[in-house]
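Beneath this line is the structure, given in structure tokens, with notes to follow.
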Amino acid sequence: MCGIRDMPIVRVALDVPLPTLFDYTVADGIAVTIGQRVIVPFGKRQMVGVVMECVAVTEMAPERIKPVKQVLHDSVPLSAGLLDLLRFCSDYYRYPLGQTVLSALPTRLRSDKPIISRAILTYRLSASGAALNLDAFPKRKVVQRRILAKLAEQPCNLAQLKSLSATAGKQLQALVAEGWVESVALVTPLTPSPSPAGGRGAHAFDNAHTLTSEQQQAVDAVIAAQGYACFLLHGITGSGKTEVYVHLMHHVLQRGGQILLLVPEINLTPQLENYFRRRFPDVSMISLHSGLAEGERLHNWQQAQTGAAQIVLGTRLSVFAELPGLALIIVDEEHDGSFKQQDGLRYSARDVAIFRASQRGVPIVLGSATPSLESYYNAQSGRYRMLRLTGRALAEARLPAVRCININQTVMHHGISEKLLHEIGQRIARQEQSLLFINRRGYAPVLMCTGCGWLSGCKHCAGKMVLHLNDKRLRCHHCGYQLRMPHVCPSCGNADLHPVGSGTQRVESVLRERFPDARILRVDRDSTRNKRAWQVLRELIHANEVDILVGTQMLAKGHDFPALTLVGVLNPDSALYSSDFRAAEKLFAQLAQVAGRAGRADKPGEVLIQTAFPEHPLFCALQTHDFDGWAASQLAERQMAGFPPFMYQAMLRAEGKQAAGVYAFLNQAHAAAIGLKQSVEVFGVVPAALPRRANHIRAQLLIQSAKRKDLQQFLRTWQPLLDILPAQKLRWALDIDPLEF
Ligand code: ADP
Ligand code: ZN
Ligand code: ZN
């Protein structure tokens with residue numbers, strides 16, 4: 001707590017793009033705690049901020065320093081541990097501390113209006129309420145009388161009062177308005193509440209399976225960890241990683257600890273939430289992701305903060321949840337790119353989770369069938385510990401047979417081979433499901449003129465506009481620009497315009513022509529954006545009301561479709577020769593995942609890959625289910641080429657309307673980097689992979705070093721130089737450990 005006379009100054013984090021805290025005085029007699037939210041004047045506005053430090057002196061002139069306008073007591077102050085984590089992130093990702101702190105909070109806590117979260121408040125009698133004579137209180141106000149009587153015994157929260165009467169909430173507000181009852185925010189986090197079944201941490205547990213010996217070894221190893229340890233749980237699809245998580249969670253819950261489980265996709269949360277609820281029927285669990293309504297997100301965040309939520313299931317942003325009882329972190333599908341945020345604070349939730357585990361001295365488990373090469377390398381070199389699940393958990397379930405179809409030696413129908421169509425027909429006859437997987441990258445249909453070769457480019461971007469057949473429009477997926485589909489070529493007037501490439505919609509129309517009676521379901525981003533809609537689709541698939549599924553990566557992730565026996569992969573080749581050095585790694589992960597969808601129940605599965613390069617090592621490794629061999633060859637290549645995980649990278653990205661301005665900025669940044677003469681490699685300024693987006697020219701500059709420490713040291717001295725470069729009319733950002741090139 002800040003003293004009153006000797007330390008009258010607080011240093012406040014504000015959502016302002018400046019790498020500094022802001023100093024304010026606190027009026028006499030007002031106590032402020034570190035981590036508390038305050039409202040302060042900033043320029044002509046007022047803003048909400050978080051108190052990071054209390055100090056005795058400031059460099060500001062006494063007449064310029066302003067007082068804090070209001071100290072907010074409506075939420076529990078952020079813990080010192082969370083503030084330390086955010087300080088680390090701000091420094092590591094080179095993002096202003098104030099913006100880092102504020103971006104970690106739920107939206108409601110970022111607004112300068114005090115929140116009213118009745119759920120976490122405790123109510124007690126005020127002095128005047130305590131002086132009331134209940135015998136003289138109007139008899140007809142039954143509920144109010146009961147509330148007053150209850151509060152005379154002990155302070156209560158809203159849930160406790162609601163057990164008195166369904167209208168307790170409303171009557172309570174009336175009592176508050178009278179001044180007889182007052183609310184206090186909980187200042188000390190609760191320890192996790194003991195479950196009704198008995199002592200601390202006792203809970204119902206549906207122990208559905210006896211663990212296989214590999215699963216048991218994995219569970220034992222994590223439980224035996226004393227303090228921080230990072231485990232890579234490398235288990236093929238269907239090997240029962242989830243069962244390992246469940247047993248670890250059970251162990252932690254018995255000891256009253258909290259668990260943070262990170263998943264890559266919002267769409268996976270309802271499914272997993274239901275699953276864990278079944279396994280732990282009386283354990284309190286909340287989810288945290290950007291799809292929640294603001295109020296719900298705040299409520300869930302506070303449940304985590306008080307320790308009331310024992311399991312926190314969330315997407316990347318939940319890595320910043322307050323977790324007073326944190327005892328285990330699990331990152332499922334740790335290789336997934338969506339753990340990396342691509343704007344603002346460009347953090348990797350997986351990496352932040354690892355830092356957090358070490359900060360808190362708790363074990364962390366990274367699970368995947370196809371680990372990132374970074375994690376795999378760390379596990380091999382002994383920095384992490386490798387746990388393997390090499391067999392499928394269900395004895396009957398075998399890995400699918402993977403085969404390639406050479407697209408140069410077979411009849412093709414608008415991107416689908418005759419061979420694949422034949423196999424689909426057989427599945428329909430056997431009442432089994434097929435899945436056609438489309439690699440979205442470079443495969444959306446664009447419009448081409450057969451006369452002059454014109455392609456439907458976007459006039460604001462370097463990319464092509466994508467043909468949407470259902471409403472006959474061309475859309476740019478980078479900037480959102482759209483047009484009616486032209487009837488004649490805008491360049492030569494020829495009326496012979498043809499779609500090239502094939503998207504989900506075109507594949508669907510080929511299938512409808514060939515199998516008019518089949519039930520075809522297209523699943524893409526648009527059809528799964530809505531949580532409910534996706535739930536309905538899943539139920540359809542499970543009820544075997546679908547014959548053919550057509551979809552993009554959405555379908556590859558963690559879903560279990562028992563009747564699915566055939567997976568067709570339509571267009572993997574563009575990733576084989578991409579300029580992005582991670583493209584092959586991503587493709588392998590995607591195909592292994594999507595292949596894992598086939599044959600999970602008692603029926604054997606088959607995967608057919610359409611490619612012009614059937615001998616490519618990537619496909620050979622997929623056919624033999626040899627992740628280790630594949631990873632070894634990839635790592636050897638990366639080491640030769642000097643790429644991660646043997647190098648640590650930072651990317652300076654800039655974009656603006658004028659190419660000259662963008663390049664001038666990056667060239668000066670380049671010169672400044674060279675001038676520092678530090679032990680890092682400075683590459684040349686180059687155009688971004690998409691060199692123009694929404695009329696903005698984009699370019700970048702890569703820095704790398706074999707030592708993370710050297711890179712960090714360099715960035716700390718380089719960034720202040722960037723901050724003072726002239727940068728009118730352009731935006732720039734540093735991206736540490738970039739995933740996109
Ligand atoms: P993964 O997440 O590794 O792909 P899952 O955890 O989904 O695999 O497990 C695949 C299937 O095996 C599930 O149906 C699960 O219920 C079952 N399973 C997992 N562990 C066991 C076990 N020890 N005994 C029997 N079945 C198991
Ligand atoms: Zn033309
Ligand atoms: Zn565009």
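These numbers were taken from a predicted model, which means no experiment stands behind them. Every number for a ligand or one of its atoms is a count from 1 in the order of the listing. Below, all heavy atoms of this structure are taken into account, side chains as well, without hydrogens, waters or symmetry copies.
Ion pairing of D628 with R388 is present here, as a side-chain N (NZ or NE/NH1/NH2) and a carboxylate O approach within less than 4.0 Å. The existence of a salt bridge linking E374 and R582 is confirmed by a sub-4.0 Å separation between a basic side-chain nitrogen and an acidic carboxylate oxygen. D336 and R350 are not joined by a salt bridge, as no carboxylate oxygen comes within less than 4.0 angstrom of a charged side-chain nitrogen. Ionic pairing of E243 and R279 is present here: one or more N-O contacts between side-chain nitrogen and carboxylate oxygen are shorter than 4.0 angstrom.
Which parts of ligand 1 touch E243 is read off a 4.0 Å heavy-atom cut-off, strictly below it: atoms 6 (O), 19 (C), 20 (N). Interface of S239 with ligand 1, defined as ligand atoms under 4.0 Å from a residue heavy atom, comprises 3 (O), 8 (O). Atoms of ligand 1 found under 4.0 Å from any heavy atom of K241, numbered from 1 in the order shown, are 1 (P), 2 (O), 3 (O), 4 (O), 6 (O), 8 (O). The ligand atoms of ligand 1 that sit less than 4.0 angstrom from a heavy atom of I236 are 3 (O). Residue contact check: G240 has heavy atoms under 4.0 Å from atoms 1 (P), 3 (O), 5 (P), 6 (O), 8 (O), 9 (O), 19 (C) of ligand 1.
Of the possible polar contacts, one joining the K241 side chain to the G235 backbone as a donor-acceptor pair under 3.5 Å is found.
Heavy atoms from other residues, nucleotides or ligands lying under 6.0 Å from CD of Q658 number 12 at most. Under a cut-off of 6.0 angstrom, the local environment of CD in Q431 is sparse, with at most 12 non-hydrogen atoms contributed by other residues, nucleotides or ligands.
In terms of polar-atom proximity, defined here as any N/O pair under 3.5 Å, Y275 makes no such contact with ligand 1. Polar contact check, T210 against ligand 1: a nitrogen or oxygen pair lies under 3.5 Å apart.
Under a 4.0 angstrom heavy-atom cut-off, L389 registers as lying outside contact with ligand 1. Within the 4.0 Å heavy-atom shell around ligand 1 one does not find G235.
Here the shortest heavy-atom distance to atom 6 (O) of ligand 1, taken over V244, T237, T212, T242, belongs to T242.
Using a 3.5 Å distance cut-off with no hydrogens or angles, the side chains of S375 and E334 do pair a donor with an acceptor.
In summary, H460 places no N/O/S atom under 2.8 Å from the Zn ion (ligand 3), failing the contact criterion.
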